[in-house]
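Heads up, the thing below is written out as structure tokens.
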Amino acid sequence: MATLPIVQYEDKIIETVENNSITVIIGETGSGKSTQLSQMLHRRGYSKIAVTQPRRVAAVSVSRYLTDGVLLRESLADPELNDYSVIILDEAHERSLNTDILMGLMKRLVKHRSSNLKVLITSATLDGDKVSKFFRDCPVLNIPGKLYPVEILYSKERPVSYLDAALKTALDIHVRQPEGDILIFMTGQDDIEKLVSKLEDKVRALDEGSCMDAIIIPLHGSLPPELQVRVFSPPPPNCRRIIVATNIAETSLTVDGVVYVIDSGYVKQRQYNPSSRMYSLDVIQISKVQANQRSGRAGRTRPGKCYRLYPSQIYHDEFLDVTVPEIQRSSLAGSVLYLKSLDLPDIDILKFDFLDSPSSESLQDALKQLYLIDAIDENGAITSIGRKMAELPLEPSLSRTLMEANNYGCITEALTVAAMLSTESALLPGKSKTEKKRKRPISSLPDGSGLGDHIQLLQIYERWHQTDYDIGWCKDHGLQVRGMTFARDVRKQLSQIMQKIAKEPLDIKENGKGEEFRRDYRNLRKALCVGYANQLAERKMHHNGYRTLGLQGQVVQVHPSSALSSDEHGKFPDYVVYHELIATPRPFMRNVCSVEMKWVIPIINKLNTLNVKKLSGGGVMDHVEEESERSIPDLPKKNVEVAAATDDSESRIQAARERFLARKANK
DNA sequence: GAGCACTGC
């Protein structure tokens with residue numbers, strides 16, 4: 001095996017690490033740097049090395065490989081991370097949410113920790129200087145990769161359709177260029193399927209013997225693993241592979257034999273808008289780092305070529321240098337709760353030293369959400385419930401639901417719901433526009449008893465449990481095996497953590513009684529209502545649209561895929577909680593659960609007491625505008641008490657509700 | 001009555 005270039009730099013690296021607490025190492029992915037680094041440090045007497053990555057990778061003997069998330073969890077139990085003398089943050093250029101938080105923590109830790117700590121940060125090119133500046137001008141070492149040169153070819157102008165441009169370019173390469181596989185970067189399953197079918201038609205139409213054969217291979221995350229691994233088998237002789245992929249082939253999967261890369265210049269990216277609390281999935285231009293990562297895929301085995309379907313001027317002028325870090329496009333409730341739970345002295349969360357700070361709006365949004373679910377008090381201090389919630393690797397709403405479910409005796413069910421929601425999108429099979437109808441009707445699965453998606457997810461899992469976790473059953477019902485087994489693993493882990501948090505042993509059964517019919521799931525739904533106090537919506541008076549409670553009160557619809565059913569008048573329930581808001585051309589609530597008005601009232605009262613200034617540390621924020629939560633129903637106190645005190649008298653509640661709606665209508 | 005990049009604990 002050829003010597004990896006990094007070894008030539010061993011002395012220099014060791015010298016730098018010995019003289020500095022933090023070192024940035026810049027090297028192309030595939031330079032073998034993370035494994036080599038830990039081995040070389042080990043040789044020089046450093047033991048207790050942690051290597052963390054955004055994704056799971058196979059373990060390497062001399063060091064602990066961890067994910068960023070695992071190291072964050074460990075730092076909860078041991079804030080000084082005394083188990084480690086060296087921490088290597090690998091692939092920092094990917095800027096995952098957890099990597100960014102770790103970088104902030106590392107900066108503090110090297111200053112505060114009593115015993116010596118060495119931190120190495122490895123990153124691809126372009127953003128090294130910035131990282132160095134963040135760590136007080138720490139040294140930067142450049143390690144050349146073992147990549148072969150890649151010739152970059154730009155288009156003269158932006159194509160009208162990058163799908164057609166990719167098609168034409170791929171055929172051109174196939175007919176004219178010497179052997180070597182082609183890797184095409186597209187944005188999603190839909191694009192990929194269209195391009196694959198066009199390519200198949202065109203390749204079939206080529207004159208026999210005019211050029212070599214070609215096989216077209218789609219590659220994206222929702223393909224079952226057995227189809228994904230196809231890219232690892234080499235092509236038959238005299239045959240070229242054309243792989244049409246999402247950015248899964250940018251970092252997660254390395255395809256050997258690629259000599260030509262075609263880069264559409266686009267990627268699909270999920271973003272969070274803190275002012276509307278909505279997620280959207282948008283097609284956006286890639287960054288320069290991503291473009292170079294993509295072209296690098298052509299030079300792994302021999303010199304290659306990268307065809308960029310955009311002009312060089314666009315690359316230089318329009319592409320961002322680096323991908324917008326996840327921390328600037330996610331909801332931060334979980335991260336803020338995590339940081340609060342660390343009890344960092346002299347640190348205001350809003351002033352936490354991030355490499356790239358999230359907006360103050362986003363941080364305030366997180367604080368408001370945490371307050372509504374009792375994780376922090378009105379002064380922004382973490383509560384005892386919040387402390388327990390932070391132990392769970394879940395979104396705060398789900399952690400809070402688990403806490404509450406524990407009191408209501410439905411922890412068994414709540415664990416299942418939390419686990420199923422963690423895998424959520426991976427659950428149902430990818431079904432694209434080009435694909436035909438589902439093989440098996442979804443109706444053969446439980447329907448959530450009309451109460452919504454959380455309940456349906458629970459019932460599906462319970463049904464699966466009854467089959468003794470039969471893989472065949474998943475396949476028969478169109479459920480992704482990967483998603484279901486992941487849910488099972490998560491559930492197991494969550495129940496272990498819950499057992500640890502609770503002082504007394506919990507009554508967690510492996511599953512519910514399975515009598516899903518006639519169950520009204522009241523306790524579970526009540527727990528969900530408390531957990532999702534920040535994600536509540538009220539149905540509008542005369543139709544099935546909803547208005548979210550809090551903030552500007554967005555008008556949203558129940559997502560058409562929902563299991564929630566309407567009553568005999570075609571009406572949805574008056575109140576629901578939702579797992580997330582998604583901004584497609586129309587805004588939808590995805591994963592909803594029916595809740596009752598009398599559970600909602602205390603939450604509305606709490607919404608009325610919300611004071612952002614106090615939450616964010618009493619005027620520490622310089623530019624906080626007086627925020628009004630005006631769309632919160634201004635329920636007169638008298639009515640609230642009447643309704644809350646009334647037990648199950650539906651008519652009284654109805655009366656209170658009518659007064660409440662009338663008041664809203666007058667505003 | 002619409003749509004799902006990626007990962008993962």
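Here is how names work: the chains are called A, B, and so on, in the same order as the sequence lines, proteins then strands, and each is numbered from 1.
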Using a heavy-atom cut-off of under 4.0 Å over every strand shown, decide if [X] touches base, sugar-phosphate, or nothing.
| X | answer |
| --- | --- |
| Ser96(A) | nothing |
| Ile248(A) | sugar-phosphate |
| Gly69(A) | nothing |

Expressed in angstrom and rounded to an integer, what is the separation of [X] atom [atom1] from [N] atom [atom2]?
| X | N | atom1 | atom2 | answer |
| --- | --- | --- | --- | --- |
| Gln480(A) | dC4(B) | CD | C1' | 10 Å |
| Phe185(A) | dC6(B) | CZ | P | 12 Å |
| Gln269(A) | dA5(B) | CD | C1' | 9 Å |
| Met420(A) | dC9(B) | CE | C1' | 16 Å |
| Leu223(A) | dT7(B) | CG | C1' | 16 Å |
| Asp191(A) | dG3(B) | CG | P | 15 Å |
| Met589(A) | dG1(B) | CE | P | 15 Å |
| Glu74(A) | dC9(B) | CD | P | 12 Å |

Counting side-chain heavy atoms from CB outward, which of [options] is closest to [X]?
| X | options | answer |
| --- | --- | --- |
| Leu281(A) | dC6(B), dC4(B), dG3(B) | dC4(B) |
| Pro585(A) | dA5(B), dG3(B), dA2(B) | dG3(B) |
| Thr246(A) | dC9(B), dA5(B), dA2(B) | dA5(B) |
| Gln493(A) | dA5(B), dG3(B), dC9(B) | dC9(B) |
| Lys268(A) | dG1(B), dG3(B), dC4(B) | dC4(B) |

(message) I want to check a possible cation-pi pair here: Arg270(A) against Tyr279(A), using under 6.0 Å from ring centre and within 45° of the ring axis as the test.
(response)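 Yes, Arg270(A) and Tyr279(A) form such a contact.
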[X] side chain near [N] phosphate (N/O to OP1/OP2, under 4.0 Å):
| X | N | answer |
| --- | --- | --- |
| Arg586(A) | dA2(B) | yes |
| Thr584(A) | dG3(B) | yes |
| Thr67(A) | dT7(B) | no |

(message) Using 0.5 Å steps for rounding, measure from the OH atom of Tyr461(A) to the CG atom of Leu415(A).
(response)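 Answer rounded to 0.5 Å: 9.5 Å.
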(request) To the nearest 0.5 Å, tell me how far Met186(A) CE sits from His220(A) NE2. (result)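 Going from the CE atom of Met186(A) to the NE2 atom of His220(A) covers 12.0 Å.
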(message) Suppose we screen for side-chain contact (heavy atoms from CB on, under 4.5 Å). Which residues come up paired with Phe486(A), at least two apart in sequence or across chains?
(response)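 side-chain contact (heavy atoms from CB on, under 4.5 Å) list for Phe486(A), sorted by chain: Thr423(A), Val490(A).
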(request) By nearest nucleotide on DNA chain B, pick out whichever of Thr187(A) and Pro54(A) is the more 5' one. (result)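 That would be Thr187(A).
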(message) Using heavy-atom distances to pick each residue's nearest nucleotide on DNA chain B, tell me which of Val267(A) and Pro560(A) is more 5'.
(response)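 With Pro560(A) and Val267(A) compared, the 5'-side residue is Pro560(A).
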Donor-acceptor pairs are to be reported for all side-chain atoms of residues 394-402 of chain A against protein atoms at under 3.5 Å, with residues two or more places apart or in another chain.
unit_1	atom_1	unit_2	atom_2	d
Ser397(A)	OG	Asn534(A)	OD1	3.4
Ser397(A)	OG	Gln535(A)	OE1	3.0
Ser399(A)	OG	Glu395(A)	O	3.3
Arg400(A)	NE	Ile373(A)	O	2.9
Arg400(A)	NE	Asp374(A)	OD2	3.2
Arg400(A)	NH1	Glu404(A)	OE1	2.9
Arg400(A)	NH2	Asp374(A)	OD2	2.9
Arg400(A)	NH2	Glu404(A)	OE1	3.2
Thr401(A)	OG1	Ser397(A)	O	2.8

(message) So Arg294(A) and Cys306(A), do their side chains get closer than 4.5 Å, heavy atoms only?
(response)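 Cys306(A) does not reach Arg294(A) side chain to side chain.
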